[in-house]
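For reference, positions follow the sequence shown, starting with 1. Computation of the quantities below employed the complete heavy-atom set of this structure, encompassing side-chain atoms and omitting hydrogens, waters and symmetry-equivalent molecules. Bear in mind the structure is a predicted one, so any value in this text is a computation, not a measurement.
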Amino acid sequence: MPFTMIHGEDLAAFPQLRDEMFRERGSIFKDRLGWSLRTDAAGREMDEYDGMNPLYNIVTDEAGRHLGSTRLMPTTGRTMIADHFAELTDGVPVSSAAIWEVTRFFVSPKAGRRAAPALMWAGCDLALRAGVDFYVGVTGAHMVRVFSACGWTPEVIGRGTSAEGEIVACLWEVSKAQVETLRIRAALPADCSPVEIFRPAAASAALAA
């Protein structure tokens, strides 16, 4: 199952994948779930955090088409949980080089059952290699069951309500054992290669070689 790790500033190198991701975000979060979000004329859902050069973790099919993705950001900068959901942590800021925020996690309706745990495996493995101990994020309460079914049960650290229903602040612990659990759930081979972040300079050098 192919993966792409790419920073926002490098999305232009993947125009089709970029547009598929943002359009499916609009279709799922705005149209299907009814979140109060803005989309552009092409149906792409983007917000201010997409302009802060986040890291996108994307899983695709063999043809390179989008199957699922999520957005990762360090908590040492601005985050959604600090800007919009501080009440879920009683106003205590979540800010550490060892904690990343995860937002906009979703898989396409056309994706198979492996896509979600595979997406989580890639994010967990990258975090482990980067020295990150936890992910934090806010999600609908019903998603806790989904994450648990994928093999990565979060710790709920806060509860609240929004216009969309009950929401929870979650903390996911990163560990070598967790990476292995997700690999097995995603049916990935034991010798699968770590997912590296796309580097335009390295890609250009490879093409020139």
J.: Hey, could you give me the CG/CZ distance between Leu67 and Arg114, rounded to the nearest 0.5 Å?
T.: 10.5 Å
J.: Within this structure, what is the CD-CG distance for the pair Glu180 and Leu128, rounded to the nearest 0.5 Å?
T.: 12.0 Å
J.: Go through the steps for Phe85 and Val94 under the test side-chain contact (heavy atoms from CB on, under 4.5 Å), then give the verdict.
T.: CA-CA 11 Å; Phe85 302 104; Val94 179; over 6 Å; no
J.: State whether the number of non-hydrogen atoms from other residues, nucleotides or ligands found under 6.0 Å of Arg129 atom CZ is greater than 12.
T.: yes
J.: With heavy-atom distances below 4.5 Å as the criterion, would you say the side chains of Leu88 and Val138 are in contact?
T.: yes
J.: Can you tell me how far apart CZ (Arg23) and OG (Ser108) are? Round to the nearest 0.5 Å.
T.: 11.5 Å
J.: Could you tell me which residues satisfy ring-ring contact (aromatic ring centres under 6.0 Å, His included) with Phe105, sequence neighbours excluded, listed by chain and number?
T.: Phe147
J.: Should the heavy atoms of other residues, nucleotides or ligands under 6.0 Å from CD of Gln16 be counted, would the total exceed 12?
T.: no
J.: Going by heavy atoms in the side chains, are Leu72 and Asn57 under 4.5 Å from each other?
T.: yes
J.: Please give me the minimum heavy-atom distance between Met46 and Asp40, naming the atom from each residue.
T.: CE-OD2, 3.6 Å
J.: Taking all non-hydrogen atoms of both residues into account, name the closest pair between Thr60 and Leu17 and its distance.
T.: CG2-CD1, 3.8 Å
J.: When you measure from the side chain of Thr75 to the backbone N and O of Ser96, does any donor-acceptor pair fall under 3.5 Å?
T.: yes
J.: To the nearest 0.5 Å, what is the distance between CE (Met21) and OH (Tyr56)?
T.: 5.0 Å
J.: Quick one: are Tyr135 and Ile99 in side-chain contact, heavy atoms under 4.5 Å?
T.: no
J.: Can Val136 be reached from Trp172 by stepping across I, L, V, M, F, W or Y side chains whose heavy atoms are under 4.5 Å apart?
T.: no
J.: May I ask you to test the Arg32-Ser27 pair for a side-chain heavy-atom distance under 4.5 Å?
T.: no
J.: Both conditions, 6.0 Å and 45 degrees, for the charged tip of Arg104 above the ring of Phe29: are they met here?
T.: yes
J.: Quick check, are the ring centers of His66 and Phe106 under 6.0 angstrom apart?
T.: yes
J.: Examine Val59 and Leu55 and state if one hydrophobic cluster contains both, with Ile, Leu, Val, Met, Phe, Trp and Tyr joined whenever side-chain heavy atoms are less than 4.5 Å apart.
T.: yes
J.: When you measure from the side chain of Asp50 to the backbone of Asp47, do you find a donor-acceptor pair of N or O atoms at a distance under 3.5 Å?
T.: yes
J.: For the side chain of Arg185 and the backbone of Ala149, is there at least one donor-acceptor N/O pair under 3.5 Å apart?
T.: yes
J.: How long is the straight-line distance from OG1 of Thr70 back to CD1 of Ile58, given to the nearest 0.5 Å?
T.: 10.0 Å
J.: Provide the closest heavy-atom pair for Arg183 versus Cys192 in the form atom of the first, atom of the second, distance.
T.: CD-SG, 4.1 Å
J.: Should Gln178 and Glu173 be marked as a side-chain contact (heavy atoms from CB on, under 4.5 Å) after you check the CA-CA gap, both sets of side-chain angles, and the distance that decides it?
T.: CA-CA 8 Å; Gln178 186 59 68; Glu173 185 174 6; over 6 Å; no
J.: Any side-chain heavy atom of Phe22 within less than 4.5 Å of one from Leu11?
T.: yes
J.: Output yes when a side-chain donor or acceptor of Asp83 lies under 3.5 Å from a complementary backbone atom of Arg78, and no otherwise.
T.: no
J.: Give the intermediate values and the outcome of ring pair (Phe, Tyr, Trp, His ring centres under 6.0 Å) for residues Phe134 and Trp100.
T.: CA-CA 7 Å; Phe134 296 94; Trp100 285 353; over 10 Å; no
J.: Which heavy-atom pair separates Ala82 from Ala86 by the least distance, and what is that distance?
T.: O-CB, 3.8 Å
J.: Can you tell me if Asp125 uses its side chain to pair, donor with acceptor, with the backbone of Val179 under 3.5 Å?
T.: no
J.: Is any side-chain N of the basic residue among Arg159 and Glu166 closer than 4.0 Å to the acidic one's carboxylate O?
T.: yes
J.: Quick check: is Val144 connected to Trp152 through a chain of hydrophobic side chains (ILVMFWY, heavy atoms under 4.5 Å apart)?
T.: no
J.: Please test Val195 against Trp121 for side-chain contact (heavy atoms from CB on, under 4.5 Å), starting from the C-alpha separation and ending with a verdict.
T.: CA-CA 10 Å; Val195 183; Trp121 168 81; 3.7 Å; yes
J.: Same cluster or not: Met143 versus Val168, using hydrophobic residues (I, L, V, M, F, W, Y) connected whenever any side-chain heavy atoms lie under 4.5 Å apart?
T.: no
J.: Just how far is it from atom CZ of Phe3 to atom OG of Ser69, taken to the nearest 0.5 Å?
T.: 13.0 Å
J.: Not counting sequence neighbours, which residues clear side-chain contact (heavy atoms from CB on, under 4.5 Å) with Ala186? List them please.
T.: Pro117, Ala118, Leu188
J.: Indicate the atoms forming the closest heavy-atom contact of Ile28 with Pro109, along with that distance.
T.: CD1-CD, 4.1 Å
J.: Can you spot which of Arg18, Lys30, Lys110, Arg44 makes a salt bridge (charged side-chain N to carboxylate O under 4.0 Å, His left out) with Glu24?
T.: Lys110
J.: Under a 3.5 Å distance rule, please check whether Glu101 uses its side chain to pair with a backbone N or O of Ile81 as donor and acceptor.
T.: yes
J.: Which atom pair, heavy atoms only, marks the closest approach of Thr89 to Ile157?
T.: CG2-CD1, 4.3 Å
J.: What pairs meet the salt bridge (charged side-chain N to carboxylate O under 4.0 Å, His left out) rule with one or both residues in residues 136-148, with sequence neighbours excluded?
T.: none
J.: Can you find a heavy atom in the side chain of Val174 that is under 4.5 Å from one in the side chain of Cys124?
T.: yes
J.: Between Met73 and Met80, is there shared hydrophobic-cluster membership here, with clusters defined by ILVMFWY side-chain heavy atoms closer than 4.5 Å?
T.: yes
J.: If we ignore hydrogens and angles and just use 3.5 Å, is the side chain of Asp133 paired with the main-chain N or O of Ala98 as donor and acceptor?
T.: no
J.: Do Thr103 and Arg71 meet the criterion of a side-chain donor-acceptor pair at a distance under 3.5 Å?
T.: yes
